[in-house]
Each structure stands twice: as C-alpha cells, then as structure tokens.
*Asks:* 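Sending over a structure as structure tokens; questions will come in a sec.
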Number of protein chains: 2
Amino acid sequence: MCCRVLCASRDGDFGKRDDEPVTTTPGRTTRASRTRLPRGALTPERIVETSLRLLDEHGADAFSMPRLGKALGADQTAVYRHFSGRDDILLAVADRLLEEAFEGFSAQPYWADTLADVCRRVRGAYLAHPAAAALSGPRTTRRPAEMRAADAVIGALGDAGFDPAEAALLYRVVADFALLWSGGEAAFHSLDAKTQADEADGWKRAYRAADPQEYPHIHRVRDPLFEVDSADVFETALGLLLDSMEHRAPRGDGRARRDPGE
Amino acid sequence: MCCRVLCASRDGDFGKRDDEPVTTTPGRTTRASRTRLPRGALTPERIVETSLRLLDEHGADAFSMPRLGKALGADQTAVYRHFSGRDDILLAVADRLLEEAFEGFSAQPYWADTLADVCRRVRGAYLAHPAAAALSGPRTTRRPAEMRAADAVIGALGDAGFDPAEAALLYRVVADFALLWSGGEAAFHSLDAKTQADEADGWKRAYRAADPQEYPHIHRVRDPLFEVDSADVFETALGLLLDSMEHRAPRGDGRARRDPGE
DNA sequence: AAGCCTTAGTCCAAGCCATTGACATGACTG
DNA sequence: CAGTCATGTCAATGGCTTGGACTAAGGCTT
C-alpha cells in the first residue's frame, strides 16, 4: 500500500493531471480525467474526425496518441480498442480524405473534363488537410469513393477510344499524377511555418543572387520565377497531360472542347 | 525499503547498459564504448555518408540518433557538434541525393532531351535511396548541382523559344514533376516490405473482385491493370508532358526528334 | 432476477526517441 | 607553458508508441 503511494508520487502524475481539466475552452464542463467515459463514447468515426481536426488545427506534430486521447477526453490508450495502432488511424484518415474529395462526384459529359475534375478534387482535399495528406502519404484504401473515381477515369479513357491496355496505363498516369503531386504539395504545406518560410526565402535568395556568368538562364528569368504560383504549376501540368491525351486519343480530339480550369 | 526497491527497479537502466558493448558483429575489436574517438574522427561528410548507408540498408525507421551514433562508433550526441539536429542531417542527405543525381550532368543537344534527362536522373537517384528520399521529402537546398540543373532546364526552355514567363512556369512544372513524382514513388518504396505487399495485394484483390455492375470500366481493364509497371507510368507521364511542350514550343516542334526513353 | 462474459475504458510500465547542459580532453595560440 | 576553444562523452529530461493487467458496465443465459 505504502509502495503504491510513494511510487505514484515519484511519477508526479496527479499533480500534472490536475491541469488537464483546464481545457483550452474553459466553458466545457466534462472533466475527462476524473469520470470514466461512458460505454459507447468512442467510435471509429469520432476518432477519425478528431484526428483530422487535430491534424488540421495543430499540424502533423500534434498528432500523437496522448494528444488524441486528450482531445477525445479519454485515456490515451483507449483508442487501441478501435484501431490497431497509430498507422491504422492514419489509414482511416487517408480514406476519409478521399471520401471528402469525391463527395458528389460524377462523370462529366466530355471525357477529359472527368479526368481534370478527378485531379482537381484530389488536390483540393489534400490541400484542405495538408498534414493529414502528408502523413497518410502514398497509401490508399480501396473503398467505394475511390473505386467510383477509378471507374469514372477508366470509363472516360474508354470514351476517348483508348483500348484496355492504354486505358490501364493512362489511368495510372492520371491517378499517380493526382495523388503524388497533391501529396507532395501537401507535404510542403504541412511543414511548420518557419521551415516553409526558410524554404521560400532560400529560393528567392538563391535566384536573386544567381551569378549571371554561371547561371545565365536562371538570371534571365529570375523575376517571373518569383511570380509563379503552385496552383498555376499544377494546372499547367494537368493541361499539358490532357492536351497530349486528347492528341493521342483515337476519338474526341478537338470535337468537344475541354473546359478551362478555374 | 520495499518501496525503494520497487520504485528503483522501474528505471532498470544499469542492467540494460551492460549489453551495449556486445556489438552486433562480435568480430569487431573496436569497443567503441570504451575508447574515446580521436579528434577529427567525425566530419559532416562521414556523418552524411553513414546516414545514407543506414537509410539504404535498414530503412527509414533505422535512422535515429542512437543508431547513427553507433554506426559511427561514436556517442549518439557527438553528431550535434556538426549538425544542429536530425532535420539538419536529413537536409544534407537530401542535398547529397541531388548531387548524386546530377553527377556528370550536362545539357543535351535537343532541348526536350535535357528535360527528360533531368527528370530521369532525379527519379533514378530517389529510387536508389528511397528511404532517404522519403524522409527529405519536399525539401531542397539550393546548392551547385541543383542550380546547374535548374539553369539547364531553363536554358532548354529558352532554346525551345519560350519567353521568360513561360519558361519560368514550365521550369516549375518540370522540377515539380521530377521531385514530387519521384518523391512519392520513393515514399511508397520505403514502406516496410509487409505494408508494401499489403498495399499491392489490396489493389489486386479490389480490382479482381470489382463488381461488374457497379464498376464496369474497372472490370473491363482489370487484366492489363495488373501488368502496368511504375516505370512505364513515369515514362508515359513524362512523354505526355514533353509532347505537349514540343507542341506549344515556338521553336523545335518536330524538327529534331526527341530520343525515346530507356 | 442472478450471475457470467464480453467489451471498452483505464492504469502502469517498458523501451524507444531527440535534444540539452555539464564535463573532459586534447590541440592550437600567444 | 597557460589559456582557450573545438569536439567527444555522459547523464538526464520529457516526449513518444505500444502492450499487459485491471476494472466497470451492459447484454446474455438460465
């Protein structure tokens, strides 16, 4: 008995625990640390939602089991009753991102518009949740939202007249473009503000200071280089890809013109 | 008394420390833990090399300060004399990757070949060191190798007849394509074997099982879909981008034909 | 309705990790 | 030869993930 008391005091848990109830929003009455959570309080949905919120609001660094537990008002290890581990949660979050991306999605009349729509949707969702996108990385689940999008893309490529082998290859091009490009952009945006600023600064400085002798071409375009915007880069890349596809497509070249982005 | 014993055993440090000198390779005579390393034993170069080796051989998870220290035969904290932290090392590793990518690089006679070469070099280096590439993520330094490549790309776009604003935009397209795409692929390859297999399995299973009613187009191309190879996807995407650029280029359309990849 | 069993939340601890500050040692500098 | 500075080492702090033991609550059988 005495041992329990002394050992416990050594951790100093109780003292620290006391400040837990002081939540960031003092209005909340639920003193999570004292009362046991009711039975069905934790659900996979709630856990995923809270994880996503945590990632959105406080960045990738803020996503840890202790913090997630605290945000849920539960013990940090309670989550393990619903997910096998941190990674498992992240996978579910990734899935949710794609669901969000393809909410209300349906194929467009002209095939190339469908491809553009899919790419823009993925990018939109990823940039709306950069930390989540960066952490879930190149992993995807094969759930309905994603499958519907895949089917639409392959269908669009069929409309364009590509045979199955070509369609399969081009499907991968479109899917990888959307996921890898958006994922990379998201990873950059999920860096902490300082690192991001340093990175941007570094570029500007390097371009501006580029020795005209050694790097004549950089020097020539250094001003427009500062003006380039990531969204433009994405749209340009997308446009280049789709132009080529239209060019190579057995059907549909020039018949129904593609909508311009934005 | 009983309390002291119980509580102290909680740390349990000393017992564990004993196994440290038992290195994984018992043949090695240098008992790193006993003799102090000579003065100039650690250099930034050696640290970066060792980090890269560690990442290559044992994956991203194996990169930790304790392991790095052990691999260097030094105390884990000795590294902090040369780098400000883990992140700083990773940045240096990223830099080294790009140096490796652009070793012996020079512009090609035909502009589009230069762009293709740059993209393939980045991908090659990243896939040769996937863990390092995945960890260094979207961050780059602006060191000579990279600047030379950037200058060559912009120069090539100038050769194609693009004006500075177009060249700046297309430079970003090419650079982002190479870095983001390769980085994403590398991130996938740096997952542990099991996760990677699960992911691949998941795809196969999902495609094969795709309900012909619900996902008719997936069903139609499910066989060729298994055959698609990442390298083909990359080359196809690159080809599509370059085709469009040649098409849009004021000069060089169709005059000197581009080398096919591989 | 009583008791059992499963489920879900909690507690505690083990073993990682990055980083910091105090300390030691050896090489240059004056 | 004394002082200083660079560089390697040590001990410690406070995070992190995860696993195992514990416990309460609800549904099930009888």
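A note on names: the letters A, B, ... follow the listed sequences, proteins ahead of strands, and every chain is numbered from 1. Values below: every heavy atom of this structure, side chains too, minus hydrogens, waters and symmetry copies.
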*Asks:* When you get a sec, tell me which of D/dT17, C/dA18, C/dA8 is the closest nucleotide to the side chain of B/Tyr80?
*Replies:* C/dA18
*Asks:* Under 3.5 Å, is there a donor on one side chain and an acceptor on the other for A/Asp198 and A/Thr195?
*Replies:* no
*Asks:* Specify the separation, in whole Å, of atom CZ of B/Arg36 and atom P of C/dC23.
*Replies:* 15 Å
*Asks:* Separation of A/Phe83 atom CZ from C/dA8 atom C1', in whole Å?
*Replies:* 14 Å
*Asks:* Below 4.5 Å, heavy atoms only, C-beta onward: do A/Val174 and A/Cys119 meet side chain to side chain?
*Replies:* yes
*Asks:* Rounded to whole angstrom units, what separation is found between the CG atom of A/Asp75 and the P atom of D/dT18?
*Replies:* 15 Å
*Asks:* Centroid separation under 6.0 Å, is that true for the rings of A/Phe234 and B/Phe177?
*Replies:* no
*Asks:* Once you round it to whole Å, what is the distance between P of D/dA25 and CG of A/Leu42?
*Replies:* 16 Å
*Asks:* Nearest to the side chain of B/Ala78 - D/dC16, C/dA8, D/dG8?
*Replies:* D/dG8
*Asks:* Would you indicate whether the side-chain heavy atoms of A/Thr140 and B/Trp203 approach each other to under 4.5 Å?
*Replies:* yes
*Asks:* Which of these nucleotides, C/dT25, C/dT10, D/dA11, is closest to any side-chain atom of B/Thr77?
*Replies:* D/dA11
*Asks:* Taking CE from B/Met65 and P from D/dA12, how many angstroms apart are they, rounded to a whole number?
*Replies:* 20 Å
*Asks:* Answer yes when A/Arg172 and B/Asp232 have at least one side-chain N-carboxylate O distance shorter than 4.0 Å, and no when they do not.
*Replies:* no
*Asks:* Figure out the CG/P separation between B/Leu68 and D/dT9, and round it to whole Å.
*Replies:* 13 Å
*Asks:* In whole Å, what is the span from the CG atom of A/Leu90 to the P atom of D/dT18?
*Replies:* 10 Å
*Asks:* I'd like to know if B/Ser64 reaches the base of C/dC16 with its side chain such that a donor and an acceptor end up less than 3.5 angstrom apart.
*Replies:* no
*Asks:* Taking the minimum atom-to-atom distance to the side chain of B/Arg81, which one of C/dT19, D/dT9, D/dT17 wins?
*Replies:* D/dT9
*Asks:* Kindly point out which of D/dT17, C/dG9, D/dG8 is positioned nearest to the side chain of A/Pro66?
*Replies:* D/dT17
*Asks:* Would you indicate what B/Arg86 reaches in the nucleic acid, counting non-hydrogen atoms under 4.0 angstrom: base, sugar-phosphate, or nothing?
*Replies:* sugar-phosphate
*Asks:* Starting at atom CZ of A/Arg46, determine the distance to atom P of C/dA8, rounded to an integer number of angstrom.
*Replies:* 15 Å
